[in-house]
Structure formats: C-alpha cells, structure tokens
Amino acid sequence: MVDTLIVGGGTAGSVLAERLSADPAHTVRVLEAGQLWDDPAAVPVELLDATAMPLSPGAEWLWHYEVVLADDPPVPATIVRGKVIGGSGAINGGYFVRATTADFDAWSRALGGSATWSFEAVLPMFCRTERDLDFGDRPWHGDRGPVPLHRTKHPAPVSAVFTAACLEAGFAEVPDLNAPDCGDGVGVVPCNCDRGRRTGTALGYLLPALSRPNLSVAPRTYVTRIRFDGSRVVGVDCVREGKAHTEWADRVVLSAGAIESAVLLLRSGIGDPEQLRPLGIPVVHAAAVGAGFTDHPEIGISYQLDLAGRQTVPLESVLDVGDIEIRPYAVSFTPGVRRLGVALMRPRSCGVLRLRSAYPADAPLIDYRYLAEEEDRARLRDAVSTAAGLLRRMNARPVDPIPARANLDPWLRANLATSQHLSGTCPMGREDDAAAVVDEMCRVRGVTGLSIVDLSVVPVPLGRGPQATVVMLAEKAAAQLTS
C-alpha cells in the first residue's frame, strides 16, 4: 500500500512523482508500461537526440493507434504516442511553447469564471518548470527549473528563408513566443533541448529523484482496470511480465495520456452507460468520457526547394496568425521533399473515443471528425492561401499544385494529417456541466480517491502545442495534491 499510485510515467507522471515524493513521509509508486533506465547515461541516443525525428515506426518506445481523421469517406491514419519513461515528451521534437493568455481565459470560462486556471494563476508554475537559457532574467520566465529551454541562434537555411518570407509579407517578428501577449507573427521555437540533447520530464524531474526511498517505479507494467470499494478507488489491476497482480493505494492518479487514461476509465466502468453495458462492463459512474476530444488538424504541403540541409530539431520557427500555426519543418520526412504544415489550433470539430471491447488488448476506436464544421474548412482554406503565398516568396515549388480556393476542399482532405496533440477526453468543468469528467482540482467526479493529471483534462483547444502546458499542469496539480 502506497500513499499515491501514479499510472503512467510520462510527461505529467514524471513531474508528479518527483514533486509528491519530495515529502519523505509520502510514498509514491509509478506504474509505467514502457521501459525505464535508472541511469541517464543508459538512455538510448535516439531518445536524447532531439534531431532524431521521426523515430522508426518499429521503435519499441511507441504506442500505435489506428484512427479515422475524417468521415464521408473515411480518412484513415496511424498515430503514435510515447511508450517509455517520459512518455511522448521523450520522443517528440522538443517544441516547448506555452498556451496563450486567450487559452487560459477560455479555460477559466469553462470553469464558470473560476480563476484557478487563469493565466495569472498558472504563470508561476510555467516559470517553475523551466531554465530558460535565453530569457531567464525576464519576470515571466524561470532560470532554475528542471527543463532547459533554448532557441536556435543559427537556423537551418529553410527556417531562415521562411522567416524572411514572413517578414517580407508584413508579418511581425516575435522574439519570445512564450512572452505574455506576444501577439501574432513569426518566431523561433523554444525547445526543451540544450546543445541538441532533449531533456524531457523523465530526465529533468524523475530520474534524479529515483534514489529516494519513498519513490519506486515499476516499468513494463500495463494497468488493465481500476479497483473500487464501493465508489472509492483503492488500487489498480495490472500485468507485468505476463503475470497479473493488484497494486493498492490510498490515492490513484491517472497520467497515462489522453488516450490511455480515458480507456482505463471506460474499462473500469466510468463512462456512458449506453456504451458500457453492451460490452458487459458494470457501470460505476456515468460520465462523458471520450465524448468530445480535440486535436490540431494539420494540412501538409509538400514542396521542393534547393537549399542545403543540416541536422537540427524538426521545427525551428513558426508563424502564428490567430488560431493558425504554419510550420516550416527543418527536417525532410521524405528524401528530396520538404513539408510545410498548416495547423488549425482551435478547431470547432470534436472527435470521439470509444471502447471497441472490454478486453485490454483491443485498441479503442478513435474518430477525429476533422473538417466536419464548415468554419474549420473555411479557416483552413484561408490558411492554405497564406501558406501558398509564403511558398512563392520562398521560390519553393509545391509537389502537387494547390487548387483555387473554391475547389480546395477535396485537396484539404487528400493532404489531411494530425498534429498528434489529442486532448480533452476527460475534460475539467463545473459541477453542473454534463460534459465535465473532473473538477478544477483534477479529481474524477462521482468517485473518491481518483484524479487525472494529463492532457485528458484540458477543457478547451490549446492555441499552441501542448508539451509546455502539460508540464505546467502537472506542477500545479502536484501543488494542489500536497496542499
């Protein structure tokens, strides 16, 4: 029996484990489905090198999910998440841009005006996470945190050409994308890398704390179900090395990510009774788990441009225009071809996650329902037109001609992808909000002793990629759990 059992040693779980175990009287145990290295020197180079993107599809550190991005007709795709200590933060490109003040205003509105997750309330937690190597002396930054942040001073040629094209087109230059109210424009991406070495929360938080006697981590352990005594959570069932057993705890925190945390709730009887009962799952509490997640749809424009390449992080600079982010990838995912990503950061269309069956081995059904709303299609049409203008200024040649705006919808579907920022499967909300799964303290409604701390609980689409915000979320949740 431990005080706190954390399911998932990913981006959020690593932060929670370190912060909660800082109290020597509080015992913490982490169950991680992937691999653990006790010594940072033993971590494979692919997980340290932020330029090693993308990882091989066969890498053992990945979860794979078959999904449908859009319907009528279906647009199938495969997404990956991190299956390793540190989670997706251990395998991504290092992008570490905070959500905006507008995002936290929307978050507060989702909580009926509560200031718990206002920008002013979360800023100290953002600062606590980081050691900003460029702007650490600014009052809105930190200079002593576990995660180093760095912005390239010598951009790859394609990044430099893109930035020049944006400035020529009249967009502003943004020196610090993490500054409050930095506004629209083109800027250099802050990355959680120092001298090319990716430092996620496993390296920055968890591994240095493993010597604590009150902290333990069980790797290669897959949790199959939450255990209840009435409506109180008392532990979890799991499988390790082919053997099933139960881990008991006073409190359980799910930090398995927006997919696996939601799946675990559903398999344990927290969800829509209309969906659970036909699968033979006894209902513990009715909740809208998986009923309306969001992600950032991304249109990929393939182009050719004769520039020298070099080893670098995948994304050195971005252009933010309202709720559109245009991404000039600095690495080539296909030999001889470059990619410009056009992402809609606050889509209206919502996806649905459901169980396929009650068996843990069966992956969930994940239907993104991208492009379902006309407003989303209209905003992407405008954004693609903006991107096409930038490509002309760059003297780049699109591999497939971009049609006129009036004929763009079929082309959007043909070039549709996802940013792999799935969130909101277990959203936070007011007590009278039927869509809310957790309260503003991250506690699962309808039961006791259970919390969720990961991207599952974010109740609104985020205007930036999620990694920095997830680390902040875990810092704030840890402070709440210890208060």
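Residue numbers run from 1 in the order of the sequence given.
Judged by distance alone, the side chains of Glu298 and His296 never bring a donor and an acceptor atom under 3.5 Å apart. At a cut-off of 3.5 Å, with distance as the only test, a side-chain donor of Ser216 or Arg29 sits close to an acceptor on the other residue. Between the side chains of Glu440 and Thr116, a donor-acceptor pair is found at a separation under 3.5 Å. Ser21 and Asn214 share no side-chain donor-acceptor pair at under 3.5 Å. Defined by atom type and a distance below 3.5 Å, a donor-acceptor pair is present between the side-chain atoms of Gln467 and Asn192. The closest side-chain donor-acceptor pair between Asp237 and Thr224, if any, does not fall under 3.5 angstrom. Gln420 and Tyr65 share no donor-acceptor pair across their side chains, judged by distance under 3.5 Å alone. Using a 3.5 Å distance cut-off with no hydrogens or angles, the side chains of Thr418 and Tyr370 do pair a donor with an acceptor. Gln275 and Arg354 share no donor-acceptor pair across their side chains, judged by distance under 3.5 Å alone. No donor-acceptor contact under 3.5 angstrom links the side chains of Arg227 and Ser268, judged on distance only. In this structure, a donor-acceptor pair under 3.5 Å is present between the side chains of Arg251 and Thr4.
In terms of heavy-atom proximity, Pro461 sits nearest to Asp103 at O-OD1, 3.7 Å. Shortest non-hydrogen contact noted between Gly82 and Ser88 is N-OG, 3.0 Å. In terms of heavy atoms, Ala358 sits closest to Arg267 at O-CD, 3.4 Å. Taking every heavy atom of both residues into account, Phe228 and Ile270 meet most closely at CZ-CD1, 3.9 Å. Scanning both residues, Leu215 and Leu206, for their nearest heavy atoms gives CD2-CD1, 4.0 Å. Listed here is the closest heavy atom pair of Leu31 and Cys238: CD1-SG, 4.4 Å.
Remark: side-chain polar atoms of Arg413 are paired, donor with acceptor, to backbone N or O of Asp71 under 3.5 angstrom. For Arg232 (side chain) and Asp250 (main-chain N/O), a donor-acceptor pair under 3.5 Å exists by modelled atom type. Under the 3.5 Å distance criterion, the side-chain polar atoms of Thr425 are left unmatched by any main-chain donor or acceptor of Phe293. Judged purely by atom type and a 3.5 angstrom limit, Asp132 has no side-chain atom pairing as donor or acceptor with the backbone of His141. Counting only distance, with no hydrogens or angles, the side chain of His421 and the backbone of Ser419 share a donor-acceptor pair below 3.5 Å.
Taken to the nearest 0.5 Å, the CE atom of Met472 stands 9.5 Å off from the CZ atom of Arg98. Atoms OG1 and CG, from Thr101 and Leu123 in turn, are 11.0 Å apart once rounded to the nearest 0.5 Å. Rounded to the nearest 0.5 angstrom, Asp376 CG and Ser349 OG are separated by 4.0 Å. A distance of 9.5 Å separates CG of Asp320 from OG1 of Thr100, quoted to the nearest 0.5 Å. Separating the CG atom in Leu344 from the CD1 atom in Ile299 is a distance of 9.0 Å, to the nearest 0.5 Å. Expressed to the nearest 0.5 Å, how far CD1 of Ile281 lies from CZ of Arg277 amounts to 11.5 Å.
No side-chain heavy atom of Leu62 sits under 4.5 Å from any side-chain heavy atom of Arg81. Residues Leu149 and Asp134 are not in side-chain contact: their nearest non-hydrogen atoms beyond the backbone lie 4.5 Å or more apart. Here the side chains of Asp367 and Leu353 are not in contact, with every heavy-atom distance at 4.5 Å or above. Counting heavy atoms from C-beta outward, Val223 and Leu264 have side chains that approach closer than 4.5 Å. With a 4.5 Å cut-off on side-chain heavy atoms, Leu5 and Val236 count as touching. Between Cys426 and Leu265 there is a side-chain heavy-atom pair separated by less than 4.5 Å. With contacts defined as side-chain heavy-atom distances shorter than 4.5 Å, the pair Asp176/Cys182 does not qualify. Looking at heavy atoms from C-beta onward, Arg369 lies in side-chain contact with Val352 at the 4.5 angstrom threshold.
Between Phe126 and Phe104, the two ring planes are perpendicular [angle over 60°; tilted spans 30° to 60°].
Heavy-atom neighbours of Asp181 CG from other residues, nucleotides or ligands within 6.0 Å: at or below the threshold of 12.
Remark: Tyr329 engages Phe333 in a ring-ring contact (aromatic ring centres under 6.0 Å, His included) (not counting sequence neighbours).
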Side chains of residues 37-48: which donor-acceptor partners sit under 3.5 Å, not counting sequence neighbours?
residue : atom : partner : partner atom : Å
Asp39   : OD1  : Ala41   : N            : 3.0

- Message: Using the rule given for side-chain hydrogen bond (donor to acceptor under 3.5 Å, both in side chains), can you reason through Tyr222 versus Glu32, listing the C-alpha separation, both sets of side-chain angles and the distance that settles it, and then say yes or no?
- Response: CA-CA 7 Å; Tyr222 182 66; Glu32 166 55 42; over 6 Å; no
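Across Val460, Asp433, Val437, a single residue satisfies side-chain contact (heavy atoms from CB on, under 4.5 Å) together with Pro427, and that is Val437.
Geometrically, Lys83 engages Trp63 in a cation-pi contact defined by less than 6.0 Å to the ring centre and at most 45° from the axis.
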